[in-house]
Every structure is written in structure tokens, then in C-alpha cells.
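Below you'll find the structure, written out as C-alpha cells, and then a few comments.
Order of the sequence lines sets the chain letters (A, B, ...), proteins ahead of strands, with each chain counted from 1. Worth knowing before you read on, the calculation uses all heavy atoms, side chains too, and leaves out hydrogens, waters and symmetry mates.
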There are 2 protein chains.
Amino acid sequence: MNRVIDIISRVRQIDGQFSKREQLVADLVLSQLEDCSQWSQHEIAEAAGVSVATVNRFCQSIGCEGFREFQIMLAQSVAVSMQYLGGPSRDSSESDQLVTQVFGALVDTLHLARSQLNSDAIAEATDALANARRIAFIGVGGGSANVAREGANRFFRLGILAEAHADGYFQRMLASTLEPGDILFAISSSGQPTELLDSVDIARQYGATTLSLTRTGSSLAERSDIAIELAIPEDQDIYKPSASRLVFMAIIDVLAAGAARKRPERVKEYLRRIRTSMIALSGDTSPKPIGD
Amino acid sequence: MNRVIDIISRVRQIDGQFSKREQLVADLVLSQLEDCSQWSQHEIAEAAGVSVATVNRFCQSIGCEGFREFQIMLAQSVAVSMQYLGGPSRDSSESDQLVTQVFGALVDTLHLARSQLNSDAIAEATDALANARRIAFIGVGGGSANVAREGANRFFRLGILAEAHADGYFQRMLASTLEPGDILFAISSSGQPTELLDSVDIARQYGATTLSLTRTGSSLAERSDIAIELAIPEDQDIYKPSASRLVFMAIIDVLAAGAARKRPERVKEYLRRIRTSMIALSGDTSPKPIGD
DNA sequence: TTATTTTTGTAAGTTACTTACATTTTAAGT
DNA sequence: ACTTAAAATGTAAGTAACTTACAAAAATAA
């Protein structure tokens with residue numbers, strides 16, 4: 001029973017590393033999945049503006065034996081995807097295609113992440129977070145720093161003292177002020193930044209629990225008490241934003257939801273207070289997201 | 001899928017009404033679904049002990065145009081079936097369920113958003129952003145402020161002067177410094193905050209283009225030159241973080257990807273520079289996400 | 001600039017699907 | 001039981017589609 005290999009993900013994975021003309025084929029396929037799954041090699045070649053041989057080589061580049069195999073795998077992937085995305089998409093305009101492509105990549109990456117997530121790590125993490133007195137999120141570089149901020153934003157709403165810092169020096173100083181019962185939550189897609197590694201070492205030294213959300217097997221993962229590890233291939237197409245940050249944020253959501261469930265009373269009270277303050281400000285009493 | 005015709009069901013439906021030899025084919029197909037989905041017409045003919053022409057006629061009998069079409073439909077049906085049967089959803093632990101729930105909600109919301117997105121607004125927005133000299137993202141409250149930061153983070157990488165601000169007073173002052181060719185991008189899930197409304201009014205007054213990502217029909221949407229509007233129901237379960245912020249970020253991704261495509265040269269050069277600076281810092285030359 | 005490697009399209013080659021037609025089988029009528 | 005017409009089937013020719021070899025063009029390195 002050979003498993004259904006998701007050919008679409010495979011194309012996305014290699015996206016950006018194709019040769020010029022093959023990239024044209026990749027773009028076409030990703031932007032018009034449904035059409036391509038029904039077109040012949042010749043039709044795809046014509047639509048992409050390349051020769052049939054290039055289409056064939058494209059198929060081989062992504063690991064298929066030839067177009068025949070690719071065609072069937074694509075049809076399967078599309079059929080399975082449609083199960084998720086529901087009805088047929090009429091990708092008429094360029095904008096529609098863009099949306100489909102970006103959202104599709106995100107959904108794919110979410111699935112990939114789910115398959116990689118270690119349940120035990122998640123369980124340990126939610127447990128530690130739910131009982132933490134103070135949580136310090138740290139991250140460097142635009143992306144991870146924002147994920148850290150979002151983490152603080154989520155947990156702060158649960159009535160847990162949460163903060164986020166992007167400054168390497170401040171991070172180290174902060175780490176040295178932590179104590180048992182506190183959590184240092186390091187976020188990095190590469191798991192390399194010295195600032196984070198140092199901070200984790202310092203925090204552990206003072207007895208704080210260190211938690212990380214980072215790349216599988218990275219230095220950061222190794223040094224942390226609890227590591228949530230992911231191996232997400234970065235999109236090689238430089239014109240396309242990578243979905244990994246959003247997946248990181250989604251995981252923060254998971255942790256926040258998990259922690260909230262473990263401390264229902266505490267959370268409820270704090271949310272009530274926050275909501276009250278918001279209503280006082282806007283006069284709007286309808287149920288709305290807490291904070292804008 | 002263009003039509004959700006489950007070919008397996010169709011074979012079962014006609015089962016017993018086939019001619020003698022075609023029935024042999026039907027029996028074979030139904031008993032060895034997976035094998036048949038990968039076999040050629042010739043292989044199936046041999047396995048069933050009939051001629052290839054009979055296999056072809058069998059395909060036509062069940063409504064396909066020929067073997068080609070049958071082969072693809074069978075492959076799709078098998079792939080979808082496998083999703084249900086051999087599927088990876090073994091939600092054993094509590095953590096797994098949590099992940100499934102949060103990710104599932106996100107995927108659902110993405111789907112909803114896709115159906116609501118106005119292609120024209122997206123097209124107009126990407127066009128304006130691609131040609132902007134300066135983009136100022138503004139948002140208030142933890143969530144939207146972070147989306148704004150993420151927006152600045154994305155566009156800054158495209159070589160466009162991008163900044164984000166969460167301070168209401170600063171936002172108003174900033175708005176008054178904008179000029180034609182500049183963009184004020186206001187982000188708010190409610191579309192109510194006075195800071196944003198004021199800022200948009202001020203920016204328009206000075207000739208800047210105002211863009212918003214907000215709730216359908218909100219004051220903010222009405223006042224903006226271009227409004228990307230969404231009506232996403234907030235999850236009432238207070239223990240569950242709402243998916244709307246992530247969807248907002250996903251839309252920022254869409255816009256960034258669209259804008260990048262319209263200015264390939266510009267983007268390429270800036271990304272090259274940023275990447276070079278990162279390599280100098282870490283010594284790692286492998287293709288990696290730009291910024292952590 | 002030149003040499004080398006990589007990429008690409010053309011065209012020939014091969015496979016596999018499709019169709020026409022003759023043969024066989026089946027079934028109904030005599 | 002025989003005849004005949006209709007249906008079913010297989011053979012073989014036909015055709016469309018995929019694959020591969022090779023030479024030209026482009027990109028890269030020296």
C-alpha cells in the first residue's frame with residue numbers, strides 16, 4: 001500500500017530552485033492546479049509557453065518518472081485538496097490565483113506541521129505555561145520577533161504575566177532575572193542566534209524553565225528544557241513569503257488555547273476584566289475579539 | 001474537483017449489468033482498486049483475461065470517454081478513499097486534538113476568507129503597494145498592531161520603505177506627513193478605533209492613498225480609498241484564540257507576494273542585499289528564510 | 001574572451017490508448 | 001434443431017501522447 005505522495009507540496013518545496021523555463025511550468029501548475037490536472041502535456045507546455053520536453057523534464061525534476069506519473073499524482077493531490085478547500089474555485093483573475101496560491105501553501109504547511117508536532121512536547125509546554133508565573137518571549141529578526149510579540153499578546157490575555165523582547169542585550173539581562181516558576185520562551189526558525197542561545201543558558205542557570213519553538217535538531221532545541229521542533233522547508237521562491245511564521249503563530253495559538261483550558265477560572269476572570277475595559281472605551285457591548 | 005463523480009460508486013452501481021467479459025474487468029477493478037489505479041490498460045486486460053479493447057469498452061460503459069479518463073478518475077477516487085481509510089488522523093492524545101482543533105479552525109477561516117475576498121480590491125491594493133514610495137502600517141490593540149508590524153516586516157524586505165506604528169498620537173502625526181505616492185495602511189478587525197479613523201482622514205487630506213484591512217462595512221472601510229473587507233465571525237469560545245489575526249497576516253502575505261511579482265527587479269536586488277548581510281553575520285550560506 | 005557546463009527546443013522514437021472491422025457468441029424466431 | 005439478427009469480443013491497424021537523443025543556445029566559470 002504505497003501512500004499518496006502529495007505532489008503539490010513537493011512542487012512548492014522545490015519552487016524557486018527550478019531552472020528558468022521549468023519555473024514557468026511550476027508557476028502555471030501551482031496557480032492553475034485544477035486546469036493542469038486535466039490538461040495533457042502538450043496543453044500545459046503551450047499554456048506555460050515552453051516545449052513539451054521542458055514539461056517532461058519538470059516532471060522528472062520533482063521526482064516523477066515522467067509526465068504520465070505526474071499527471072496521475074497531480075490529479076490525486078487535487079482531488080484530496082478539494083476535500084479540504086471544498087467547492088471548485090473559479091480562479092479567473094490573477095488576484096484569485098494569488099490568494100489560492102498563498103492560502104494553499106499555508107494550508108499545506110499546516111498539515112505538514114501537524115504531522116511533525118510532538119504531542120508530548122505540546123502537552124509538557126501547555127502544562128508549564130498554564131502554571132507559569134511569568135513568561136518571557138524572545139526572538140530576533142523581524143519574523144520571530146513578531147511571533148514572540150504575538151505570544152506575549154496571547155498569554156497576557158490569559159492573566160499570565162507575559163512580555164516579549166527583541167533586543168539581544170536586553171534578552172540576556174532579562175534571562176538573568178528569571179527564577180524557578182518562570183518561563184523563557186525562545187522562538188527562532190533557524191535555532192542559531194547567539195542571543196537566544198545565551199539567554200537560554202542563562203535562564204536555565206537560574207532555574208527558569210526554558211521552552212523553544214524552533215527548527216528540528218537545532219542548537220536552540222538541544223539546549224531547551226522543552227522544545228517544540230519543526231522541520232519546515234523554506235519556500236525558495238524569493239517573491240513568495242514563507243508560511244513558516246504563520247505556522248509558528250498557529251502553534252502559539254495552540255499553546256495558548258491549551259493553557260487556557262487548564263486554568264479556566266483564572267482566564268475567565270481576566271478576560272472579563274479586559275472586556276469590561278474595552279466596553280468602557282467603545283461603548284460597544286457586542287461580543288467581539290478582545291483587543292483589536 | 002470539477003465534478004465529484006466517485007467512479008468506484010459508479011462501477012458498483014452498474015455492477016451485474018455488464019456484459020460477460022466487461023464484468024470480469026469490473027470484478028477485477030473492485031477487488032484490486034489500488035493495483036488497478038496504477039496499472040496500464042494492457043496490464044488490466046491481462047489480469048482480467050480479456051482484450052484491451054474490452055477494457056476500453058468497459059471504461060466507456062461506465063461513462064468515461066476512454067481509458068485515459070477512467071484511469072485518472074480511478075486514481076482520484078482511490079486517493080480520496082485512502083484519506084478516509086488509511087488517513088493520518090489518529091487523534092489519540094489530548095494534545096493532538098488541541099492541534100487539530102486550532103489548525104482546523106484556521107483552515108476553515110481561511111476558506112471563509114477566500115470566499116469573501118474581493119479580487120478587485122486585492123488587485124488595486126497590490127498595484128498601489130507595488131508602486132508606493134512609502135507605506136505606513138497602523139493598528140491598535142495587541143492583535144492588529146502585530147499584524148501591522150508584520151506588514152512592515154514583509155514589505156521592508158521588498159525594498160519599499162515600510163514602517164508600523166501602534167501609538168494613536170504618533171499615527172495621527174505620521175498621517176499628516178504623508179504625501180501623494182505614500183500609502184497609509186490601516187488594520188483593524190473592528191474598524192472602529194478613532195485613532196485609525198482620524199489618521200485615515202488626515203492622510204487622505206494630504207493626498208496619500210489610504211488602504212484598509214478590516215471588517216466589512218465598518219467606518220474604517222468606508223473612509224478608505226481601497227478596502228479589503230472581511231466578515232469573520234469571532235469565535236465565542238473565549239478559551240480559543242480567534243483565527244482572524246492569522247487570516248489577516250495571511251492576507252498581508254498575499255499582498256506582499258502580489259506586489260513582489262509586479263516589481264521583480266527591485267525585489268530581487270534588495271533581497272540579495274539583505275541575504276548578503278545575513279550571511280556575513282552567520283557565515284551560513286545555505287538558502288534560508290530571510291531574517292529569522 | 002574562451003572553455004565548459006547547463007539549459008532548452010526540435011525531431012525522431014516508442015509506448016499506449018483508440019477505433020475499425022471481422023469473428024464469435026448469444027438469443028429470438030421459425 | 002435451424003436460421004438469422006443482434007450483441008459481444010478480439011485482432012490489428014491507426015493515432016495521439018509521452019519519452020529520449022541530440023544539437024543549438026544560454027549561462028557560468030576560468
Side-chain angles (χ1 to χ4, degrees), chain A residues 7 10-11 14-29 32 35-78 236-238, chain B residues 7 11 14-29 32 35-78 264-265 268-269 272 275-276 279 285 287:
Chain A
I7 201 73
R10 198 137 90 201
V11 175
I14 309 178
D15 203 15
Q17 300 179 334
F18 291 108
S19 65
K20 278 208 178 75
R21 312 290 283 186
E22 284 181 30
Q23 184 64 52
L24 291 176
V25 180
D27 289 344
L28 179 75
V29 170
Q32 299 188 47
D35 291 329
C36 289
S37 70
Q38 298 188 307
W39 283 347
S40 72
Q41 187 182 21
H42 181 75
E43 286 172 307
I44 290 178
E46 192 177 8
V50 301
S51 68
V52 288
T54 299
V55 174
N56 214 290
R57 273 188 291 265
F58 163 80
C59 298
Q60 293 171 345
S61 294
I62 59 177
C64 292
E65 205 165 299
F67 182 80
R68 272 178 223 285
E69 195 187 344
F70 168 76
Q71 186 177 43
I72 288 183
M73 295 183 100
L74 181 64
Q76 291 187 318
S77 291
V78 168
Q236 293 305 316
D237 183 346
I238 58 173
Chain B
I7 203 74
V11 174
I14 310 178
D15 201 19
Q17 301 173 29
F18 291 108
S19 67
K20 277 202 178 75
R21 309 290 280 186
E22 284 182 28
Q23 184 63 51
L24 291 177
V25 180
D27 291 345
L28 178 74
V29 170
Q32 299 187 51
D35 291 329
C36 289
S37 71
Q38 298 189 305
W39 284 347
S40 72
Q41 188 182 24
H42 180 75
E43 286 172 309
I44 291 178
E46 192 178 8
V50 301
S51 69
V52 290
T54 298
V55 173
N56 213 289
R57 274 189 288 267
F58 163 79
C59 298
Q60 293 173 345
S61 294
I62 60 177
C64 293
E65 207 166 297
F67 182 79
R68 273 179 220 282
E69 192 184 346
F70 167 76
Q71 187 177 41
I72 288 181
M73 296 185 95
L74 182 64
Q76 291 187 317
S77 292
V78 169
E265 352 63 42
K268 206 165 189 171
E269 168 60 11
R272 191 192 60 71
R275 184 163 279 162
T276 303
I279 290 171
T285 58

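- A donor-acceptor pair under 3.5 Å links the side-chain atoms of A:Glu43 to the main chain of A:Ser40, judged by distance alone.
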Shorter than 3.5 Å, N or O on both sides, protein versus nucleotides 22-26 of chain D: list them out with atom names.
none

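- Contact between A:Val78 and A:Ser37 at its shortest, heavy atoms only, is CG2-CB, 4.0 Å.
- Contact between A:Ala47 and A:Leu28 at its shortest, heavy atoms only, is CB-CD2, 3.8 Å.
- Near DNA chain D, defined here as any heavy-atom distance below 4.0 Å, the residues from residues 41-55 of chain A are A:Gln41, A:His42, A:Ala53, listed numerically.
- Between the P atom of D:dA8 and the CZ atom of B:Phe58 lies a distance of 15 Å, rounded to the nearest Å.
- Counting to the nearest Å, the P atom of D:dC18 and the CH2 atom of A:Trp39 are 14 Å from each other.
- Summarising the geometry, the separation between CD on A:Gln71 and P on D:dC18 is reported as 6 Å, rounded to the nearest angstrom.
- Not counting sequence neighbours, the partners of A:Ile72 by the side-chain contact (heavy atoms from CB on, under 4.5 Å) test are A:Gln76, B:Gln71, B:Ala75.
- Protein atom CD of A:Glu69 is 14 Å distant from nucleotide atom C1' of D:dT19, rounded to whole Å.
- Judged as a side chain to side chain donor-acceptor pair (under 3.5 Å), and not counting sequence neighbours, the contacts of A:Thr54 are A:Ser51.
- Here the straight-line distance linking atom SG of B:Cys36 with atom CD1 of B:Ile44 works out to 4.5 Å at 0.5 Å rounding.
- Extent of DNA chain C lying under 4.0 Å from chain B heavy atoms, first and last nucleotide in 5' to 3' order, is C:dC17 to C:dT26.
- Within the structure, every side-chain polar atom (N or O) of A:Asn56 is placed at least 4.0 Å from both OP1 and OP2 of D:dC18.
- In this structure, A:Phe18 atom CZ and D:dA27 atom C1' are separated by 19 Å, rounded to whole Å.
- Between the B:Arg21 side chain and the B:Gly49 main chain, a donor and an acceptor come within less than 3.5 Å of each other.
- Rounded to an integer number of Å, the gap from CZ of B:Phe67 to C1' of D:dT15 is 17 Å.
- Heavy atoms of B:Gln60 sit under 4.0 angstrom from primed sugar atoms or phosphate atoms, though from no base atom.
- For B:Arg68 and D:dT15, the CZ to P distance is 15 Å, given to the nearest whole Å.
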Cut-off 3.5 Å, no hydrogens considered: what does the side-chain donor-acceptor table look like for residues 56-69 of chain A, sequence neighbours left out?
| residue | atom | partner | partner atom | Å |
| --- | --- | --- | --- | --- |
| A:Ser61 | OG | A:Glu22 | OE1 | 2.8 |
| A:Ser61 | OG | A:Arg57 | O | 2.9 |
| A:Glu69 | OE1 | A:Glu65 | N | 2.7 |

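- In terms of heavy-atom proximity, A:Leu74 sits nearest to A:Val29 at CD1-CG1, 4.3 Å.
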